Amino acid sequence: MPSLFPHCSARAAGLLAALALVLTSATPAFALPGGGKTPRAIVEADSDLPPPVTGVDVEEHLGEPLPLETRLVDSNGEEVRLGTLLSKTRPTLLTLVYYECPMLCNLVINEQVRVMRELGLELGKDYEAVTVSIDPKDTPAQSAERRRKYLQSMGKPETAPWHFLTGTDENIHKLADAVGFKYTYEPSTKQYAHPAVVTVLTPEGSISRYLYGTSFDRKDVKLSLLEAAGGRVGTSVDRIVMSCFKYDTATRRYGFYIFGFIRLGSLAVFGALATMLIYFWRRELKKGATT
């Protein structure tokens, strides 16, 4: 077979061929078919995440108040105003679910129960909980059953302040819109598509944090409650620990806060020096008194 480079040596021909291969592989992305962009369908197919459901999302309303005048129905079948259920001194965990949900709602509440057991904070003393069904067809009997089941699993009495509520479609949407909880009903499956999230409320009824997913970190939940309470619950140690962590909006987790640690360290050094100076001052006073 004749050479492509008849006037070149074999070594020179090899170098030219290698150069041609490099130039070919270095062709700019925009020159490739499709402009070098991977079709969206391929990206989504390679992802483990399911395609997003239209109308399902959380639009964060941090710092905004809930409509406390919203009227709902408690597990005894009595109409209540949301504002009367929230403690004026303790934060609240608010969960929007529906009681006939085949899977996701159970995952969220079961995980909420697990982390509530491990918080080191006491339901009714340090925080409270409210769960509202987004299905207007759910009944007080269903909410009573769920309430009894979850309180028993936590070893809590029937009087514990975890309220399970139902309501009309209008009032449910009023509350969900204030939270930014966007959900939709699927007639084909007769189920609600909704996000998995627990909302942390301040004692004043404003939104403090959103806890996403079906697996909650105990530290994040505890810190979010302490933060929402503004120092009104927890021990002194809890408040010291709180100052060493700060919420990261990018990761949506609490991370170590170096300046808080430095501030604590400075206070500790100042305290040690003050104690030492007082000790020497009192010793000199005693010496002066004996001479």
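Every value quoted in this text rests on a predicted model; they were computed, and no experiment measured them.
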Atom pair CZ/CG of R209 and L223 - distance to nearest 0.5 Å:
10.5 Å

Salt bridge check: are E69 and K174 linked by an N-O gap of less than 4.0 Å?
yes

Let me confirm one number: the NZ-OH distance from K137 to Y99, rounded to the nearest 0.5 Å.
14.0 Å

Identify whether V73 and L94 are in the same connected component of the hydrophobic contact network (ILVMFWY, side-chain heavy atoms under 4.5 Å).
no

State plainly whether the residues R148 and E145 are in salt-bridge range, i.e. N to O under 4.0 Å.
no

Could you tell me whether the side chain of R283 and the main chain of I278 form a donor-acceptor pair under 3.5 Å?
no

Under the criterion side-chain contact (heavy atoms from CB on, under 4.5 Å), which of E128, M154, K156 is the partner of W162?
M154

Is there a path from I134 to V97 through hydrophobic residues (I, L, V, M, F, W, Y) whose side chains come within less than 4.5 Å of each other?
no

What distance do L82 atom CG and N171 atom CG have between them, rounded to the nearest 0.5 Å?
10.0 Å

Closest heavy-atom pair and its distance - L66, A178
CD2-CB, 4.1 Å

Which atom of V132 lies closest to which atom of V130, heavy atoms considered
CG2-CG1, 3.9 Å

Give a yes or no on whether a salt bridge exists between D248 and R253, defined as a side-chain N under 4.0 angstrom from a carboxylate O.
no

Is there a side chain to side chain donor-acceptor pair (under 3.5 Å) between Y183 and H173? Walk through the geometry before answering.
CA-CA 9 Å; Y183 62 99; H173 270 100; 3.3 Å; yes

Gap separating the CZ atom of R146 from the CD1 atom of I109, nearest 0.5 angstrom:
6.5 Å

Going by ring-ring contact (aromatic ring centres under 6.0 Å, His included), name the residues that satisfy it together with Y254, two or more places apart in sequence or in a different chain.
Y247

So, the side chain of Y150 versus the backbone of V113: is there a donor-acceptor pair under 3.5 Å, distance only?
no

Provide the closest heavy-atom pair for S133 versus D138 in the form atom of the first, atom of the second, distance.
OG-OD2, 2.6 Å

Assigning hydrophobic clusters by single linkage (Ile, Leu, Val, Met, Phe, Trp, Tyr; side-chain heavy-atom cutoff under 4.5 Å), is F181 placed with L165?
yes

Is the backbone of N106 close enough, under 3.5 Å, to the side chain of N110 for a donor and an acceptor to pair up by distance?
yes

Identify the heavy atoms of S208 and L62 that sit nearest to each other, and give their distance.
O-CD2, 3.2 Å

Step by step, work out the side chain to side chain donor-acceptor pair (under 3.5 Å) result for E100 and Q142.
CA-CA 9 Å; E100 293 298 318; Q142 290 173 301; 2.6 Å; yes

Could you walk me through whether E186 and K190 pass salt bridge (charged side-chain N to carboxylate O under 4.0 Å, His left out), step by step?
CA-CA 5 Å; E186 297 289 340; K190 298 181 180 179; over 6 Å; no

Is it true that atom CD of E170 has more than 12 heavy atoms of other residues, nucleotides or ligands lying nearer than 6.0 Å?
no

Given the rule that I, L, V, M, F, W and Y join up when any side-chain heavy atoms are under 4.5 Å apart, are L211 and V179 in one cluster?
no

Would you sort out whether Q112 and T95 count as a side chain to side chain donor-acceptor pair (under 3.5 Å), showing the intermediate values?
CA-CA 9 Å; Q112 181 179 342; T95 321; 2.8 Å; yes

Same cluster or not: are V200 and M116 linked, directly or through other Ile, Leu, Val, Met, Phe, Trp or Tyr residues, by side-chain heavy atoms under 4.5 angstrom apart?
yes

Tell me the closest heavy-atom pair linking R147 and A160, and the distance in Å.
NH2-O, 2.7 Å

Closest non-hydrogen atoms of D169 and P136, given as atom of the first, atom of the second and distance, are N-CB, 3.7 Å

Would you say S143 and H163 make side-chain contact, with heavy atoms under 4.5 Å?
no

